[in-house]
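Taking it in order: structure first as structure tokens, then the write-up.
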Amino acid sequence: HSAAAYTAGFIKSPLSEVKLMEDNVELNCEVIGKPTPEIQWWGIEGNDSEVMSQLYDGARQQRVKINSSYNINAKSSIKITNLSIEDTGTYECRASNDPDRNDLQKSPKIKWIRSQATLIVIEHPIIVTSP
């Protein structure tokens with residue numbers, strides 16, 4: 001017989017990064033729980049927005065790649081290629097193993113747990129060499 005279910009918890013949280021334009025970034029998230037939790041990535045685009053939207057594989061003109069594996073733990077990475085200034089913002093790993101987590105009629109007993117990282121994309125410095 002299986003052990004009792006237990007709530008999702010973070011083993012690895014995404015780390016904030018500062019990157020140059022046109023560079024790539026990868027954020028990682030790992031979650032434990034029984035049953036194995038589902039992981040989602042959400043992001044706030046730009047500084048003026050407070051609205052988070054879910055990020056999917058292939059988002060932002062195919063520059064977003066999400067890779068998730070579900071074994072005993074849930075692991076997920078989000079990679080954004082060819083970064084632009086507009087990619088600066090807050091990125092959030094969300095996880096839940098509540099069976100009602102995606103049921104819009106019922107509110108889940110246990111809400112999604114969240115872990116945030118900040119991505120700052122900067123322009124390449126212009127190096128001025130004096131004659």
Side-chain angles (χ1 to χ4, degrees):
H1 62 274
S2 62
Y6 57 94
T7 317
F10 287 106
I11 304 176
K12 183 186 277 182
S13 293
L15 299 174
S16 294
E17 299 268 5
V18 177
K19 292 286 182 180
L20 289 170
M21 274 178 71
E22 293 155 16
D23 207 347
N24 301 334
V25 70
E26 186 175 302
L27 303 175
N28 292 285
C29 190
E30 188 172 349
V31 186
I32 196 167
K34 198 177 181 108
T36 305
E38 175 190 352
I39 293 179
Q40 295 179 350
W41 289 96
W42 291 67
I44 295 178
E45 295 190 45
N47 293 329
D48 42 68
S49 170
E50 287 300 306
V51 181
M52 280 223 156
S53 51
Q54 189 172 357
L55 289 159
Y56 294 95
D57 195 54
R60 300 190 185 171
Q61 296 85 44
Q62 300 293 320
R63 293 186 302 111
V64 171
K65 291 273 172 285
I66 295 175
N67 196 349
S68 302
S69 64
Y70 295 98
N71 297 314
I72 297 167
N73 301 344
K75 295 183 185 184
S76 186
S77 67
I78 184 169
K79 188 173 187 182
I80 309 171
T81 54
N82 193 17
L83 289 167
S84 70
I85 300 292
E86 284 74 55
D87 293 314
T88 293
T90 303
Y91 292 83
E92 189 171 87
C93 173
R94 292 186 189 178
S96 178
N97 61 355
D98 188 308
D100 296 332
R101 65 182 176 268
N102 292 318
D103 187 332
L104 300 176
Q105 307 305 316
K106 290 188 269 193
S107 70
K109 295 175 280 300
I110 296 144
K111 301 288 184 227
W112 293 77
I113 58 169
R114 298 152 186 236
S115 182
Q116 289 189 345
T118 304
L119 171 64
I120 298 170
V121 182
I122 56 175
E123 296 188 39
H124 291 272
I126 297 162
I127 293 142
V128 180
T129 51
S130 49

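Only heavy atoms go into these numbers, but all of them, side chains included; no hydrogens, no water, no symmetry mates. In this chain, numbering begins with 1 at the start of the sequence shown.
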Short side-chain to backbone donor-acceptor contact, His124 and Met21, under 3.5 Å:
yes
Heavy atoms of Trp41 and Ser76 approach each other most closely as NE1-OG, 2.8 Å
Are Ile78 and Tyr70 in one and the same hydrophobic cluster, where Ile, Leu, Val, Met, Phe, Trp and Tyr link if side-chain heavy atoms are under 4.5 Å apart?
yes
With the 4.5 Å side-chain cut-off for hydrophobic clustering, are Ile85 and Leu119 part of the same group?
yes
Can you see whether Trp42 has Arg94 sitting over its ring - NZ or CZ less than 6.0 Å from the centre and within 45° of the normal?
yes
From Ile80 CD1 over to Ile66 CD1, what is the distance, rounded to the nearest 0.5 angstrom?
8.5 Å
Backbone N/O of Thr118 and side chain of Ser16: donor-acceptor pair under 3.5 Å:
yes
Nearest non-hydrogen partners of Thr88 and Val121, listed with the distance
OG1-N, 2.9 Å
Residue pair Thr36 / Asn73, side-chain heavy-atom distance below 4.5 Å:
no
Do Asn97 and Tyr6 touch side chain to side chain, with heavy atoms closer than 4.5 Å?
no
Pair Arg63 + Asp87, salt bridge at N-O below 4.0 Å
yes
If you group Ile, Leu, Val, Met, Phe, Trp and Tyr by side-chain heavy-atom gaps below 4.5 Å, do Val18 and Val25 land in one group?
no
Minimum-distance pair of heavy atoms, taken over all atoms of Pro37 and Ala95
CB-CB, 4.4 Å
Minimum side-chain heavy-atom gap Ser115-Pro14 below 4.5 Å
yes
Please determine whether the number of non-hydrogen atoms from other residues, nucleotides or ligands lying under 6.0 Å from atom NZ of Lys65 exceeds 12.
yes
Taking atom OH as the centre, does Tyr56 end up with more than 12 heavy-atom neighbours from other residues, nucleotides or ligands that are less than 6.0 angstrom away?
no
Nearest 0.5 angstrom please: Lys75 NZ to Ile11 CD1, how far?
8.0 Å
Rounded distance [0.5 Å steps], OG in Ser96 versus CD1 in Ile39:
11.0 Å
Check: Leu83 main-chain N/O paired with Asp23 side-chain donor or acceptor under 3.5 Å
no
Counting only heavy atoms not in Lys19 (residues, nucleotides, ligands), do more than 12 fall under 6.0 Å from its NZ?
yes
So, the side chain of Thr81 versus the backbone of Asn24: is there a donor-acceptor pair under 3.5 Å, distance only?
no
CE (Met52) and CZ (Arg114) are apart, to the nearest 0.5 Å, by 8.0 Å
Determine, step by step, whether Asn102 and Glu38 satisfy the side chain to side chain donor-acceptor pair (under 3.5 Å) criterion, reporting the C-alpha distance in whole Å, the side-chain angles of both residues, the deciding distance to 0.1 Å, and the verdict.
CA-CA 10 Å; Asn102 292 318; Glu38 175 190 352; 3.0 Å; yes
Nearest-0.5 Å distance that lies between atom OG1 in Thr7 and atom NZ in Lys34:
13.5 Å
What distance separates Ser69 OG from Glu30 CD, expressed to the nearest 0.5 Å?
8.0 Å
Report yes if some heavy atom in the side chain of Leu55 is under 4.5 Å from a heavy atom in the side chain of Tyr91; otherwise report no.
yes
For the backbone of Ser77 and the side chain of Asn28, can you confirm whether one donor and one acceptor N or O come within less than 3.5 Å of each other?
no
